[in-house]
Amino acid sequence: MSIALSEQEILRRESLQQLRNLGINPYPAEAFDVTAWAKDITENFEANPDTYKHVTLAGRIMTRRIMGSASFAELQDSTGRIQIYLKRDDICPDEDKTLYNTVFKKLLDIGDYIGIKGYVFLTQTGEISVHVQQLFVLSKSLKPLPVVKRDEDGNIHDGFTDPEQRYRQRYVDLTVNPDFKQIFINRSKVISSMRDYFNSEGWMEVETPILQPVHGGAAARPFATHHNTLDMPLFLRIANELYLKRLIVAGFDGVYEFGKMFRNEGMDRTHNPEFTSVEIYVAYKDYIWMMEMVEKCLEHVTRAIHGIPVVQYGANEINFAGPYVKLSMYDSILKYTGIDVSEMDEAGLRETCADLGIETNESMGKGKLIDEIFGAKVEANLIQPTYITDYPIEMTPLAKKHRSKEGLVERFELFVNGKEIANAYSELNDPIDQRERFEDQLLLAGRGDDEAMAMDDDFLRALEYGMPPTSGLGIGIDRLVMMMTNQSTIQEVLFFPQMRPEKKSKIATLDDFVNIGVPPEWVPVLNKMGFNTVEELKAANPNKVFNDLGGMRKKMKLNIDMPVKEVVMTWFE
RNA sequence: GAUUCCGUAGCUCAGCUGGUAGAGCAUAACACUUUUAAUGUUGGGGUCCUGGGUUCGAAUCCCAGCGGGAUCACCA
């Protein structure tokens, strides 16, 4: 990337100045009242032509086809594109044809925002178009947009496809690839339909701290920060579970929160350092009730987006209408490996892992070993929504002990397409049991498990005051959106996925060069020659720079005075 | 973190065993009053990601770095 402006950027800046010289403000302050939209016109004009005799639209110019004193262009607004037709003598009824000949044909470019007033008609080739009677400049675009062409069959030519540029410059991506907007519209629908469902059940949306003194509720490495006034460390939350349970202690029957969680871990196509989850806690319920709730909720969400409870994901058609298959953790391992691990001790599990070719290490306890077997042998088989229930107690320090099965907890995870989508418990509300579980976690931490959960004394104090029996659920929104929109990478469902910083070249200001004696009009020339800082210039050979200046002056046809050689030499002192 | 591929004009991409950097679109000029991937003619536009090395000569070969993609590992 060149530091200096490209030819096209320079031309657009010149056009901007010429608009101003003509008395046209390229960035007007006034509101522009739009009365019609591209999608509505293309869908409804032919049925109701009379309602489109006076329309006002606004948007970006995306293509232009100029033919003398008549032109076609495509205007893109938030709903889509529509062709507009401009005729010189219609937008310039008087002698002065500047608006058409100069403003439209010369000074406007692809990407500029314009407003138009006119009427809708059908061209000879049958395309619904707007015949422009008045044209307004709303905002001048100084950087050329990538031009993506589509032929009659909808094939895309010269697409803007580089993922790096698409993610870094999402504004460009969604402008020239508007199809991707639908993913984000659907993302919004996932959240709003879920919120509607929860609200209709009478549960309350709440907000809990993102800056937490103790990072609890999950096992993950946090982002650490510092509060200056309090002079104390704080962590960006890795989960909000323990705060939401405090609110159940406080006497709310149902609370939920949509929000960002932050985990200082690896990034890949299913992990972003910040991600969105929803957690919900409902008093006097258990995990069996929660399974039914999840089925209803996800069916509601899927219908809100697709109209039916079925969604196509890759090669699989996934049906979110309940009830879902339920398999206990042990039964699922039995089903897919033929091995019954339910009675095994740690040594037996370690041996089984070895037989199955699963690597283990000393820090792994019983629960972790079972999870390894499950992850390696079962997970990928769970395509249709499936509940895996009744996890070993060692893996789950915040869930209540199973009502009838020793060594297990009342927990389920929902798997879809081989991926975990939701996680739920009958929440542990026995404060003494909870304290022991935290202590077990500390032991695991002592064995080297750096993800073991930290003790949270205030949370324990809350439980000691008494929490009603409660069921809780967490859903990863990003992965659910991926599922609902048939995307295989998390970046595609995040507007602004985390990226490494762009390399930024150091650029000296104009003044820096002027201060060493360079005439201001020559600074852009030096930049063009590759000298972006004074240091770079001083490192060069003065004689060569002097000669090259002359060469550049000729090449760029610059009508500015050549500095004498003695002056140039002083730049290097 | 490992492996691998990629980085050339505003965008999409060519560029052979190393020898003066190319195309399409975009852009500029001219023509054109119903085009639609508009058309025709003519022109301009490049830090070949960065830095080293080999060589008479590097976009090309070698090394290192930066950025990105894919696969794997890690991951409640």
Side-chain angles (χ1 to χ4, degrees), chain A residues 1-12 14-15 63-74 81 83-90 100 106 109-111 121-127 129 131 142-168 172 176 217-221 238-239 241 261 263-271 277 359 367-368 371 375 391 395-399 411 413 420 422-425 450-453 474 476 488-489 491 499-503 505 527-532 536 555-557:
Chain A
M1 261 258 286
S2 172
I3 307 295
L5 293 176
S6 71
E7 181 190 34
Q8 294 191 42
E9 289 174 297
I10 292 166
L11 284 164
R12 284 180 180 226
E14 285 169 1
S15 297
T63 68
R64 286 194 302 171
R65 295 181 281 280
I66 295 172
M67 290 158 298
S69 56
S71 295
F72 290 92
E74 276 185 293
R81 289 190 188 186
Q83 176 166 273
I84 62 175
Y85 174 64
L86 295 96
K87 202 166 151 184
R88 185 188 65 201
D89 297 339
D90 283 358
Y100 182 80
K106 306 286 184 198
D109 290 291
I110 288 176
F121 75 111
L122 218 51
T123 65
Q124 283 185 359
T125 52
E127 175 149 347
S129 306
H131 191 124
L142 295 182
K143 283 180 93 68
L145 283 171
V147 176
V148 177
K149 294 243 171 187
R150 288 175 181 77
D151 63 23
E152 310 182 329
D153 304 324
N155 300 315
I156 290 173
H157 303 262
D158 301 327
F160 181 70
T161 53
D162 178 6
E164 175 171 4
Q165 294 204 66
R166 286 188 48 233
Y167 301 153
R168 285 195 196 280
V172 174
V176 303
R221 293 195 353 239
I238 57 174
E241 169 156 359
M261 305 299 152
R263 296 189 183 177
N264 205 340
E265 295 178 340
M267 292 166 57
D268 60 29
R269 67 174 193 283
T270 56
H271 295 83
S277 82
E359 283 184 33
K368 185 81 179 161
D371 192 40
Y391 284 62
M395 307 163 59
T396 318
L398 301 173
R411 171 187 186 182
E413 289 191 320
E420 180 209 329
N423 183 20
Y425 313 145
D450 57 4
E451 287 168 356
M453 224 173 268
S488 58
T489 70
Q491 286 104 317
M499 303 285 273
R500 283 199 163 81
E502 279 182 274
K503 193 170 44 179
S505 308
N527 290 342
K528 191 83 187 164
M529 285 160 63
F531 301 118
N532 293 310
E536 284 171 12
K555 188 180 172 194
M556 294 171 74
K557 301 192 184 83

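Everything quoted here is computed from the prediction, not taken from an experiment. Keep in mind that the numbers below use all heavy atoms, side chains included, and drop hydrogens, waters and symmetry copies. Within every chain, numbering begins at 1; the chains are lettered A, B, ... in the order of the sequence lines, protein sequences first and strands thereafter.
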What's the closest nucleotide to the Ser129(A) side chain, out of A76(B), U35(B), C11(B)? U35(B)

I want to check one thing: is the phosphate of G68(B), taken as OP1 and OP2, less than 4.0 Å away from some side-chain N or O of Arg500(A)? yes

Anything under 30° is parallel, anything over 60° is perpendicular, the rest tilted; go ahead and classify Tyr85(A) against His131(A). perpendicular

Whole-Å distance separating the OH atom of Tyr167(A) from the C1' atom of A70(B): 12 Å

Whole-Å gap separating P (G7(B)) and CZ (Arg168(A)): 17 Å

Would you measure the distance from the P atom in C5(B) across to the matching atom in C63(B) and give it in whole Å? 12 Å

Ranking A70(B), U12(B), U34(B) by distance to the side chain of Gln165(A), first place goes to U12(B)

In whole Å, measure the gap between the C1' atoms of A29(B) and G68(B) for me. 39 Å

side-chain N/O Arg65(A) vs A38(B) OP1/OP2, d < 4.0 Å: yes

Paired with U27(B): which nucleotide, if any, by Watson-Crick or G-U wobble criteria at under 3.5 Å for both distances? G43(B)

Once you apply a heavy-atom cut-off of 4.0 Å, does Glu420(A) come out as touching a base, just sugar-phosphate, or nothing? sugar-phosphate

Considering only G68(B), U35(B), C11(B), which nucleotide approaches the side chain of Thr123(A) most closely? U35(B)

Closest-nucleotide ordering on RNA chain B, the 5'-leading residue of Ile66(A) and Lys87(A): Lys87(A)

Among G67(B), U34(B), C11(B), which is the nearest nucleotide to the side chain of Pro146(A)? C11(B)

With both distances under 3.5 Å as the test, what is the Watson-Crick or G-U wobble partner of A9(B)? none

Between A28(B) and U34(B), how far apart are the P atoms? Round to whole Å, please. 23 Å

Using a 4.0 Å heavy-atom cut-off to protein, can you give one letter per nucleotide of nucleotides 25-30 of chain B, 5' to 3': B if the base is in contact, S if only the sugar-phosphate is, - if neither? SBSSSS

Quick one: does any side-chain atom of Arg65(A) pair with a main-chain N or O of Phe72(A) as donor and acceptor, under 3.5 Å? no

What nucleic acid atoms does Tyr391(A) come within less than 4.0 Å of, heavy atoms only: base, sugar-phosphate, or nothing? nothing

Between C66(B) and C25(B), how far apart are the two P atoms, rounded to whole Å? 39 Å

Does a side-chain heavy-atom distance below 4.5 Å link Tyr167(A) with Thr489(A)? yes

For Tyr100(A) and Ile66(A) the tightest heavy-atom approach is OH-CG2, 4.4 Å

So Tyr100(A), base contact, sugar-phosphate only, or nothing? Heavy-atom distance under 4.0 Å. nothing

Could you let me know what U71(B) is paired to, Watson-Crick or G-U wobble, both distances under 3.5 Å, or none if it's on its own? A2(B)

Quick note, Ala219(A) side chain, CB onward, closest among G67(B), U33(B), A76(B) is A76(B)

Taking NZ from Lys143(A) and P from G45(B), how many angstroms apart are they, rounded to a whole number? 19 Å

Expressed in whole Å, how much space separates the C1' atoms belonging to C48(B) and G22(B)? 12 Å

With sugar-phosphate meaning primed atoms plus P, OP1 and OP2, does Arg263(A) contact a base, only sugar-phosphate, or nothing at under 4.0 Å between heavy atoms? sugar-phosphate

Side chain of Asp268(A) - closest among G68(B), A73(B), G10(B): A73(B)

Sub-4.5 Å side-chain heavy-atom contact between Met267(A) and Gln491(A): no

May I ask you to say what Gly217(A) touches in the nucleic acid, namely base, sugar-phosphate or nothing, with a heavy-atom cut-off under 4.0 Å? base

Pairwise side-chain contact, Arg64(A) with Ser71(A), heavy-atom cut-off 4.5 Å (strictly under): no

Could you tell me if the side chain of Pro144(A) sits less than 4.5 Å from the side chain of Glu9(A), heavy atoms only? yes

Whole-Å gap separating C1' (A37(B)) and CZ (Arg81(A)): 11 Å

Can you tell me how far C1' of G67(B) sits from CD of Glu164(A), to the nearest Å? 5 Å

Quick one: label Ser277(A) by what it contacts on the DNA or RNA (base, sugar-phosphate, nothing), any heavy atom closer than 4.0 Å. nothing

Identify which nucleotide among U35(B), U33(B), C13(B) has an atom closest to any side-chain atom of Glu127(A), counting heavy atoms from C-beta outward. U35(B)

Measure the shortest side-chain to side-chain distance between Asp109(A) and Gln8(A) over non-hydrogen atoms and say whether it is less than 4.5 angstrom. no

Start at the 5' end of RNA chain B and walk down; is the nucleotide closest to Gly266(A) or to Asp89(A) reached first? Asp89(A)

Which whole number of Å gives the distance between the C1' atom of G10(B) and that of U35(B)? 25 Å

Whole angstrom value for the distance that separates C1' of G1(B) from CD of Glu265(A): 14 Å

Tell me the interatomic distance from Asp162(A), atom CG, to A9(B), atom C1', rounded to whole angstroms. 16 Å

Phosphate contact (U33(B) OP1 or OP2) by Gln124(A) side-chain N/O below 4.0 Å: no

Is it the case that atom CZ in Arg269(A) sees more than 12 heavy atoms from other parts of the structure closer than 6.0 Å? no

Can you tell me which nucleotide in C72(B), U35(B), U33(B) comes closest to the side chain of Arg269(A)? C72(B)

Roughly how far apart, to the nearest Å, are G15(B) and A73(B) at atom P? 34 Å

When you compare G7(B) with U12(B), how far apart are their P atoms, in angstrom units rounded to a whole number? 12 Å

State whether the distance check finds a donor on one side and an acceptor on the other, under 3.5 Å, for side chain Gln83(A) versus base U35(B). yes

For the student: nearest non-hydrogen atoms of Ala239(A) and Met261(A), plus distance: CA-SD, 3.6 Å

Please report, rounded to the nearest Å, how far the P atom of G45(B) is from the CD atom of Glu14(A). 15 Å

For a 4.5 angstrom cut-off between non-hydrogen side-chain atoms, does Val172(A) reach Phe160(A)? yes

